[in-house]
Amino acid sequence: MSDESPTARNEWPLWEIFIRGQHGMSHRHVGSLHAADSEMAIKNARDVYTRRNEGVSIWVVEASKITASSPSDKGPMYEPSQSKVYRHPTFFDIPDDVGAM
Amino acid sequence: MYAQMVKSENTDSGPEFDAFQARIDAGERIEPKDWMPDGYHKTLIRQISQHAHSEIVGQLPEGNWITRAPTLERKAILLAKVQDEAGHGLYLYCAAETLGVSRDELTEMLLDGRMKYSSIFNYPTLTWADMGAVGWLVDGAAIMNQVPLQRTSYGPYARAMIRICKEESFHQRQGYDIMMKMAQGSIAQKRMAQDALNRYWYPSLMMFGPSDKESVHSTQSMKWRIKINSNDELRQKFVDQTVPQAEYLGLTVPDEKLHFNQETGHYEFSEPDWNEFFEVLNGNGPCNTERLSARNKAWNDGEWVREGMMEHARKKAANEKVAAE
Ligand SMILES: [Fe+2]
Ligand SMILES: [Fe+2]
Ligand SMILES: [Fe+2]
């Protein structure tokens with residue numbers, strides 16, 4: 001679609017923005033924005049995504065550099081883990097007498 | 001609303017379509033790479049873009065008063081509010097872009113009139129009291145519509161709405177705060193507040209779109225959960241919430257027929273002039289030309305900056321590559 005647009009060649013690339021909040025959580029995807037380069041992407045991310053103290057650290061990644069899993073692989077990718085219920089602690093019955101475990 | 005009269009595409013039937021509808025009915029979110037019917041895809045692009053354009057054009061009526069705010073504090077607040085609206089536009093453009101449409105393309109469609117924005121932003125802001133009325137009524141009406149959209153079926157759209165809703169209540173409160181100040185002020189100030197309410201009341205009611213009887217696109221959109229409540233439902237909710245707020249201010253809603261129905265527990269009110277609404281939507285409102293030419297000017301004047309920045313980035317990347325070799 002973008003190829004049809006006369007101005008598309010000069011459209012600034014899209015960057016995905018990840019922000020780490022204040023409470024020791026990992027960086028989280030918050031959205032995307034356009035910027036000419038990474039430096040500008042960080043500056044714009046500050047204005048667009050941290051106007052209310054939402055973060056203390058910003059990562060920017062050019063959207064075209066991201067490889068995503070495909071929805072059609074959902075079955076082969078995630079179904080194998082469904083049959084492995086023993087990976088969850090609740091699979092095991094431990095008597096109350098044993099105490100906290 | 002911000003997205004008024006969004007033309008909804010029809011959908012075909014077949015197992016794929018049924019499975020898709022079943023996902024929506026089960027409350028699942030649809031994500032960008034998932035299969036979706038063409039009609040859903042097209043309608044979403046139209047709706048999200050129209051919403052984004054509204055946020056962007058919506059900066060203009062309030063931007064009009066930034067340099068003339070009565071105090072430095074009011075100026076800083078208004079500036080922050082208008083900056084938020086720019087942010088809202090950006091969140092929404094991003095959501096639209098996940099559907100495979102480019103930002104520049106969307107911008108061009110706004111600039112040449114192929115895409116629309118909310119009718120409300122084609123009214124002028126004549127006095128400082130209008131900043132109060134806009135925050136209180138226009139952002140108030142927007143909130144009514146946006147809160148349910150946080151649960152809309154398209155993931156990126158729902159997430160954008162969540163961010164937006166977090167910021168909107170500041171907008172409405174700063175507007176009401178201006179109204180309180182004016183309504184409790186001198187006789188001249190109170191008159192200005194009343195005048196702003198008089199001019200913004202019906203245009204605010206129009207924001208929800210035509211009455212359900214005439215809203216031809218709603219059924220499919222509601223099935224797809226990209227529209228959650230009907231136009232009349234939201235309009236009623238807005239009136240029920242706003243009338244007591246006007247009373248608190250000691251202002252009069254400009255509707256002689258307005259009264260509370262004890263049995264239904266709702267206010268009954270006059271419909272806005274729908275001919276005016278369609279005129280405004282078709283480009284013939286008081287400020288349509290001004291708004292579009294302001295956006296076109298900004299886009300054209302900014303062209304050399306956009307190109308220059310891109311060229312600079314290309315050169316810098318090339319130099320870094322040479323240095324690394
Ligand atoms: Fe907004
Ligand atoms: Fe808004
Ligand atoms: Fe707002």
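The shown structure was predicted, so the numbers you read here are calculated from the model rather than taken from an experiment. So you know, we letter chains A, B, ... as the sequences are listed, proteins then strands, and number each from 1.
Within a 6.0 Å radius of CZ in B/Arg173, no more than 12 heavy atoms belonging to other residues, nucleotides or ligands are found. In the displayed structure, B/His312 atom NE2 is contacted under 6.0 Å by at most 12 heavy atoms of other residues, nucleotides or ligands. Crowding of B/Lys297 atom NZ: a count of heavy atoms from other residues, nucleotides or ligands under 6.0 Å not exceeding 12. Within 6.0 Å of atom NZ in A/Lys43, 12 or fewer heavy atoms from other residues, nucleotides or ligands are found, so the atom counts as exposed in its surroundings. Within 6.0 Å of CD in B/Glu73 there are 12 or fewer heavy atoms belonging to other residues, nucleotides or ligands. Within 6.0 Å of atom CZ in A/Arg46, 12 or fewer heavy atoms from other residues, nucleotides or ligands are found, so the atom counts as exposed in its surroundings. Other residues, nucleotides and ligands contribute at most 12 non-hydrogen atoms within 6.0 Å of the CG atom of A/Asn53. Heavy atoms of other residues, nucleotides or ligands lying less than 6.0 angstrom from CD of B/Glu31 number more than 12.
Ion pairing between B/Arg306 and A/Glu11 fails under the 4.0 Å rule for side-chain N and carboxylate O. A salt bridge does not link A/Asp37 to B/Lys315: none of the charged nitrogens lies less than 4.0 Å from a carboxylate oxygen.
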Side chain to side chain contact (heavy atoms under 4.5 Å, CB included) between A/Arg52 and B/Lys166, worked out: CA-CA 10 Å; A/Arg52 288 179 177 78; B/Lys166 273 191 196 153; over 6 Å; no
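Heavy-atom distances place both the backbone and the side chain of A/Ala68 under 4.5 Å from chain B.
In terms of heavy-atom proximity, A/Val48 sits nearest to B/Arg163 at O-NH2, 4.3 Å. Nearest heavy atom pair, residue B/Ala313 against residue A/Ala36, reads CB-O, 3.4 Å. Of all the heavy atoms in B/Cys94 and A/Ser32, the pair that sits closest is SG-O, 2.7 Å.
Considering OH of B/Tyr93 and CG of A/Leu14, their distance stands at 14.5 Å, rounded to 0.5 Å. A distance of 9.0 Å separates CH2 in A/Trp12 from CE in B/Met310, rounded to the nearest 0.5 Å. Distance NE2/A/His34 to CZ/B/Arg103: 4.0 Å, rounded to 0.5 Å.
Chosen from B/Asp34, B/Asp84, B/Thr98, the residue pairing most often with chain A at heavy-atom distances under 4.5 Å is B/Asp84.
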